[in-house]
> 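Right, I'll just put the structure down here and ask away after.
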Amino acid sequence: MNKSKVCIMLSTYNGVKYIDEQIESLLVQQQVDVQINIRDDGSSDKTVQKLRDYVKFHPDQIRVIEGENLGVIGSFFELMRQMEPVYDFYAFCDQDDVWKQDKLIRAVTKLKSRQSNVPLMYCSSTQMVDQDLNHINVWPTLPPKALSMYNAMVENCCVGCTIVINPVAFQQVRASIPSDLTQVIMHDWWIYLYVSAFGEVIFDEEPMILYRQHQNNVLGGSSEGWSAKWKNRWSRFVNGKNHFILSKQAKMFLHLNKDQLSAQQLKDIQSFLNQLDSPWIKRIKYAFQMPFYRHASLDNLVLKLIYVLKKV
């Protein structure tokens, strides 16, 4: 039986401290053939030298692209652009986690159980750990509602470093990458939105990676307590950092994909955007009737509130 060929896309940036543990956990993945494609996003520490050493020892398995600093979103999308569409599956990877040895074969098995002619995406919970790999908690937990476009438009519940996609999803998402990345909240959110609209998202509640939390985390996580989380959210809202990000991304998604959306999807996204310009009474009515939702009740209520305030 031939093993599935999996392309791992890893973006690095000043990650020399933990990169060994991450790469070693990729090299020992069971029952799959892995090709590790790494793009360094303009590191100023010794990350690149470390990567060059890995290429010397694993020339057939590891490829390194030394690039300019594009930021997280740009770096991962550039990786997608540069990959050949010759693999059975494509996985995204951070620089400072540790993968369980059966992470990829578990994802591949679940993806193979679905029809292969539509975009498919696998994601999972993570075992959050501190910088010394001591367990903190499992995050995120299994979402209580469907992983649909109606959730993905207003919330991302898929952790990027757990995502594995099939070739259909890879090629279609790559073709829909916006030229203006300021309209994209995060690369993993964009992929979740695309696949949930046109294919199927599989969520695995078994944590398959050790998701390291430390001061230098580029992407971060959710190890903070409830009060700290909401304090940080309120601070970002007051400072305007989260204003209009949902509507900007929705406009870009609609612009690029309107010809593929169903009539109902098209109507619902247009209503979401158009009702923002209606009088506040109509906005209140729409906010409490709209088909878009977040999974947690309080998050869903906040969504409706920021919609009424025209800050989505």
> Between L51 and I23, is any pair of side-chain heavy atoms under 4.5 Å apart?
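Side chain of L51 against side chain of I23, heavy atoms only: contact under 4.5 Å found.
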> For Q270 and N274, test the side chains for any donor-to-acceptor distance below 3.5 angstrom and give the result as yes or no.
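Checked: Q270/N274 side chains show no N/O donor-acceptor pair below 3.5 Å.
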> For D188 and V159, indicate whether the former's side chain and the latter's backbone hold a donor-acceptor pair under 3.5 Å.
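Checking the backbone N and O of V159 against the side chain of D188, no donor-acceptor pair under 3.5 Å is found.
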> Take V28 and W99 through the test side chain to side chain contact (heavy atoms under 4.5 Å, CB included) and record every step on the way to the result.
CA-CA 9 Å; V28 295; W99 287 13; over 6 Å; no
> Let me confirm one number: the CG-SG distance from L10 to C161, rounded to the nearest 0.5 Å.
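Result: 11.0 Å between the selected atoms.
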> Are any of the side-chain heavy atoms of Q172 and Q260 separated by less than 4.5 Å?
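A side-chain contact under 4.5 Å is absent here.
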> Could you tell me which residues satisfy salt bridge (Lys or Arg N to Asp or Glu O under 4.0 Å) with R63, sequence neighbours excluded, listed by chain and number?
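Not a single residue meets the salt bridge (Lys or Arg N to Asp or Glu O under 4.0 Å) criterion with R63.
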> Hydrogens and angles aside, do N69 and Y13 bring a side-chain donor and acceptor to less than 3.5 Å of each other?
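Short answer, no.
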> Say whether Y194 and N257, considering side chains only, have a donor N or O and an acceptor N or O under 3.5 Å apart.
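No.
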> Please evaluate residues R39 and E78 with respect to the criterion salt bridge (Lys or Arg N to Asp or Glu O under 4.0 Å), reporting the C-alpha separation (whole Å), side-chain torsions for both, the decisive distance (0.1 Å), and the verdict.
CA-CA 8 Å; R39 182 187 183 279; E78 184 60 26; 5.6 Å; no
> Evaluate the side chain to side chain contact (heavy atoms under 4.5 Å, CB included) criterion for residues I281 and K285: first the C-alpha distance (whole Å), next the side-chain angles of each, then the deciding distance (0.1 Å), finally the verdict.
CA-CA 6 Å; I281 291 289; K285 182 179 180 181; 5.8 Å; no
> Has D88 got a side-chain atom pairing as donor or acceptor with S4's backbone, closer than 3.5 angstrom?
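No, the answer is negative, given that no donor and acceptor are paired below the 3.5 Å cut-off.
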> Does the side chain of T162 come under 3.5 Å of the side chain of Y211 through a donor N or O and an acceptor N or O?
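Their side chains do not contain a donor-acceptor pair, so the 3.5 Å distance test is not met.
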> Who pairs with D40 by salt bridge (Lys or Arg N to Asp or Glu O under 4.0 Å), at least two apart in sequence or on another chain?
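With sequence neighbours excluded, D40 shows a salt bridge (Lys or Arg N to Asp or Glu O under 4.0 Å) to no residue whatsoever.
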> Report yes if some heavy atom in the side chain of Q183 is under 4.5 Å from a heavy atom in the side chain of P178; otherwise report no.
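Heavy-atom side-chain distance check fails, nothing below 4.5 Å.
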> Check salt bridge (Lys or Arg N to Asp or Glu O under 4.0 Å) between E24 and all other residues, then give those that pass, not counting sequence neighbours.
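Listed in chain order: nothing, the list is empty.
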> In terms of the angle between their ring planes, are Y307 and Y286 parallel, tilted or perpendicular, with boundaries placed at 30° and 60°?
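The arrangement is tilted - the two ring planes meet at 30° to 60°.
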> Closest heavy-atom contact between F89 and N166?
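Here F89 and N166 meet closest at CD2-CA, 4.0 Å.
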> Run the numbers on D299 and L303 for side chain to side chain contact (heavy atoms under 4.5 Å, CB included), then give the verdict.
CA-CA 6 Å; D299 285 342; L303 169 65; over 6 Å; no
> Nearest 0.5 Å, please: how far is CG in D41 from CZ in F76?
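Going from CZ on F76 over to CG on D41, the span is 9.5 Å.
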> Taking everything shown except K282 itself, do over 12 heavy atoms lie less than 6.0 Å from its NZ?
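Not buried by this count: 12 neighbours or fewer within 6.0 Å.
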> With a 4.5 Å heavy-atom cut-off, do Y54 and V64 have their side chains touching?
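Sidechains of V64 and Y54: no contact.
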> Is any side-chain heavy atom of P143 less than 4.5 Å from a side-chain heavy atom of C157?
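Side-chain contact under 4.5 Å: yes.
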> Going through the distances and angles, do I185 and L246 end up as a side chain to side chain contact (heavy atoms under 4.5 Å, CB included)?
CA-CA 8 Å; I185 301 171; L246 297 178; 3.9 Å; yes
> Kindly check if the number of other-residue, nucleotide or ligand heavy atoms within 6.0 Å of NZ (K251) is above 12?
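Not more than 12 within 6.0 Å, no.
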